[in-house]
Undergrad: 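So that we are looking at the same thing, I have put the structure below in structure tokens.
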Amino acid sequence: MNQYATKFDDSLNAILVKELRQTVRGKFLWTTFNLFLLIMVIALTLALSEGRRASGNDTITFLFIILYFACFFLVPLYVGKKVNTEKKDGMNELLSITTMSPKSIVMGKFLCGLIIITMLYCAFTPFMSLTVFMGGIDMHELIITTILSYTFCMLAVLFQIGLGLEALGIASLGVLVKIIGIVIQITMFSSSLSVCMECLRGKGVDNYAYLCAWLIGELIVGGIMFATSVSFLQPDTANKSYSLRKYLSILWAIGICLAFGIPAELEGINVGLIFLLVFVSGSYIREPEYYSARIIKDIPSNLFQRFIKFPLYTGLANGFAWVAITTIVSSLVVGFVNSYCNPGFSSRDRYGTVLFVIIATLNAFVLMGNYIRKTFFSNYSRGASALIGIILYLVVGCLPFLILGIMRIHFDGARAIAIWINPIVGLFENEQVMAVVSSSLLLMLGLTLNGSTLLRQTKHYFELTAYDEEN
């Protein structure tokens with residue numbers, strides 16, 4: 001028996017053991033757990049009290065919202081905060097010199113958050129059982145809602161881990177990253193809660209194809225977040241984007257193939273996943289503009305293989321090539337499917353245009369942000385380019401027209417100017433051609449500003465020459 005116990009101890013993830021030990025010794029777990037149980041008891045007591053007896057459906061809805069808030073919001077934020085705290089304590093440097101792989105480190109932190117969520121769901125089970133006896137609850141709906149909400153909470157933990165690791169990479173703008181992360185977390189919480197509430201009320205629970213599409217989509221998104229977090233932990237000199245882009249390429253190819261045969265009611269989810277895959281790869285802007293000797297060693301000597309693998313390697317030019325190829329192919333395929341294979345549904349006719357315009361516009365501003373960072377804020381890390389690009393988009397493309405709208409100032413040509421500066425506006429104004437043209441011009445401007453860098457890195461890749469950024 002001791003032999004099996006020893007093998008089990010050796011197989012445990014060391015990071016998971018460390019995280020659980022710190023969590024049990026801290027105040028967060030027990031404070032959250034006790035408050036959770038107290039609120040559940042008070043709510044159930046009031047629901048069962050004489051004179052104000054509530055139905056089981058109303059009671060379970062309130063209790064489920066409390067559970068979901070704790071598991072989707074509080075626990076992921078706690079896990080993300082622990083990741084950020086390690087920067088101050090210097091723990092991330094110690095982890096980087098251990099023999100543990102980045103995958104094991106991310107997995108340990110993820111499993112710690114997942115165990116806390118599982119504990120809360122287990123504590124919720126007795127209260128859920130009592131509400132069933134109150135009547136008005138369909139067990140089929142309740143089980144599906146529980147499974148769906150649990151997977152949403154898994155995604156929230158992975159999101160906060162990746163956000164925390166990203167904030168470590170751009171410490172100069174770490175506070176801004178945290179604020180953006182909290183805003184995104186709140187948005188995700190409200191939207192996912194509405195989906196769970198719809199299932200709890202019985203809407204869509206009998207459409208198994210729709211539910212399976214949701215679950216598969218969540219698993220894919222979770223895989224993307226996990227792979228992204230692992231790449232953040234790898235050293236800057238490593239070919240850190242190669243495995244991530246291979247994973248994204250496989251998922252993207254599957255999504256493109258499914259576009260030809262997927263039912264019409266599920267096509268929006270499929271297109272959304274394709275967009276997410278291409279959008280996530282927009283993080284290429286934080287990748288180096290010079291190849292390290294370590295990356296050069298991985299580049300194949302065969303010219304054909306070198307050409308095929310060019311979009312997969314770590315580098316600014318390589319990342320842009322991947323995004324450009326996937327965006328163009330996705331837009332053409334989705335547009336063709338909507339126009340010829342599945343005609344007659346007007347709201348889907350614009351999917352191809354929407355994909356191209358949004359991705360082209362965001363990449364244009366991100367490339368401009370990279371040029372501004374190198375020119376005026378050279379002391380900031382490469383990861384700040386994306387944030388500068390987003391700020392530029394909000395200040396130039398959104399804020400002026402928002403102010404004019406609030407002040408109710410109108411003038412001739414305001415609509416056309418808005419579309420030229422912010423092509424995404426053209427999608428809402430049904431000016432698809434103008435939106436495509438303006439987003440293409442903005443992208444050309446961003447490429448022109450970064451043209452010398454992209455051309456130099458492409459030349460270096462095919463010449464198999466290692467360059468150091470300091471030289």
Undergrad: Parallel, tilted or perpendicular: which one describes the rings of Phe189 and Phe69, with boundaries at 30° and 60°?
TA: perpendicular

Undergrad: Quick one: do the Asn318 and Tyr242 side chains pair a donor with an acceptor below 3.5 Å?
TA: no

Undergrad: Tell me yes or no: between the side chains of Tyr393 and Thr361, is some donor less than 3.5 Å from an acceptor?
TA: no

Undergrad: When rounded to the nearest 0.5 angstrom, what distance separates CZ in Arg373 from CG in Asn379?
TA: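 Interatomic distance, Arg373 CZ to Asn379 CG, rounded to 0.5 Å: 9.5 Å.
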
Undergrad: Given 3.5 Å as the limit, does a donor-acceptor pair link the side chain of Gln457 with the main chain of Gly315, or not?
TA: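 Checked: no pair found.
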
Undergrad: Given side chains that start at C-beta, do those of Ser439 and Leu443 come closer than 4.5 Å, heavy atoms only?
TA: no

Undergrad: With rounding to the nearest 0.5 Å, note down the distance linking CG in Leu449 to CE in Met368.
TA: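 These two atoms lie 7.0 Å from each other.
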
Undergrad: At what distance, to the nearest 0.5 angstrom, does CZ of Phe365 lie from CG of Leu367?
TA: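 Here the rounded value is 11.5 Å.
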
Undergrad: Among residues at least two apart in sequence or on other chains, which ones pass ring-ring contact (aromatic ring centres under 6.0 Å, His included) with Tyr371?
TA: none

Undergrad: Quick check: closest heavy atoms across Ile117 and Cys71, and the distance to 0.1 Å?
TA: CD1-O, 3.6 Å

Undergrad: Which residue, Tyr121, Phe72, Tyr68, forms the side-chain contact (heavy atoms from CB on, under 4.5 Å) with Tyr150?
TA: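 So the option named by the test is Tyr121.
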
Undergrad: If you take all heavy atoms of Ile65 and Leu193, which pair is closest and at what distance?
TA: CG1-CD1, 4.4 Å

Undergrad: For Arg245 and Tyr313, indicate whether the former's side chain and the latter's backbone hold a donor-acceptor pair under 3.5 Å.
TA: yes

Undergrad: Determine, step by step, whether Leu447 and Leu454 satisfy the side-chain contact (heavy atoms from CB on, under 4.5 Å) criterion, reporting the C-alpha distance in whole Å, the side-chain angles of both residues, the deciding distance to 0.1 Å, and the verdict.
TA: CA-CA 8 Å; Leu447 288 174; Leu454 297 173; 3.7 Å; yes

Undergrad: Does any N or O in the side chain of Gln160 come within less than 3.5 Å of the main-chain N or O of Lys81, such that one atom is a donor and the other an acceptor?
TA: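 No, Gln160 side chain to Lys81 backbone: no donor-acceptor pair under 3.5 Å.
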
Undergrad: Going from OG on Ser385 to CG on Leu392, what distance comes out if it is rounded to the nearest 0.5 angstrom?
TA: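 Rounded to the nearest 0.5 Å, the OG-CG separation comes to 12.0 Å.
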
Undergrad: Evaluate side-chain contact (heavy atoms from CB on, under 4.5 Å) for Tyr78 paired with Ile116, printing each intermediate quantity in order.
TA: CA-CA 11 Å; Tyr78 168 73; Ile116 299 175; 4.2 Å; yes

Undergrad: Suppose we screen for salt bridge (charged side-chain N to carboxylate O under 4.0 Å, His left out). Which residues come up paired with Lys374, at least two apart in sequence or across chains?
TA: Glu289

Undergrad: Is there side-chain contact between Leu312 and Ser249, with heavy atoms separated by less than 4.5 Å?
TA: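 When only atoms from C-beta onward are counted, Ser249 and Leu312 do touch, with a gap below 4.5 Å.
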
Undergrad: Got a donor-acceptor contact below 3.5 angstrom from the Thr151 side chain to the Leu148 backbone?
TA: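 Yes, the answer is positive, given that a donor and an acceptor are paired below the 3.5 Å cut-off.
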
Undergrad: Run the numbers on Phe73 and Ile186 for side-chain contact (heavy atoms from CB on, under 4.5 Å), then give the verdict.
TA: CA-CA 8 Å; Phe73 203 77; Ile186 294 173; 3.6 Å; yes

Undergrad: With heavy-atom distances below 4.5 Å as the criterion, would you say the side chains of Ser149 and Phe64 are in contact?
TA: yes

Undergrad: Checking Asn239 side chain against Ile295 main chain: does a donor-acceptor pair fall under 3.5 Å?
TA: no

Undergrad: For Thr458 and Ala317, which heavy atoms make the closest approach, and how far apart are they?
TA: OG1-CB, 3.6 Å

Undergrad: Is the shortest heavy-atom distance from the side chain of Lys103 to the side chain of Phe226 under 4.5 Å?
TA: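 Yes - at least one pair of side-chain heavy atoms lies under 4.5 Å apart.
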
Undergrad: Please report the shortest heavy-atom distance between Leu16 and Cys112, naming the atom on each side.
TA: CD1-N, 3.6 Å

Undergrad: Would you mind listing every salt bridge (charged side-chain N to carboxylate O under 4.0 Å, His left out) that reaches into residues 433-442, with sequence neighbours excluded?
TA: none

Undergrad: Would you check, one step at a time, whether the test side-chain contact (heavy atoms from CB on, under 4.5 Å) holds for Val437 with Trp420?
TA: CA-CA 9 Å; Val437 173; Trp420 284 113; 3.9 Å; yes

Undergrad: From Leu316 CG over to Thr453 OG1, what is the distance, rounded to the nearest 0.5 angstrom?
TA: 7.0 Å

Undergrad: I need the Thr23 OG1 to Lys18 NZ distance, nearest 0.5 Å.
TA: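 It is 9.0 Å, given to the nearest 0.5 Å.
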
Undergrad: Determine the minimum heavy-atom distance between Thr145 and Cys196, stating which atoms define it.
TA: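 That would be CG2-O, 3.5 Å.
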
Undergrad: What is the minimum heavy-atom distance between Leu120 and Leu67, and which atoms define it?
TA: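 Minimum heavy-atom contact is O-CD1, 3.7 Å.
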
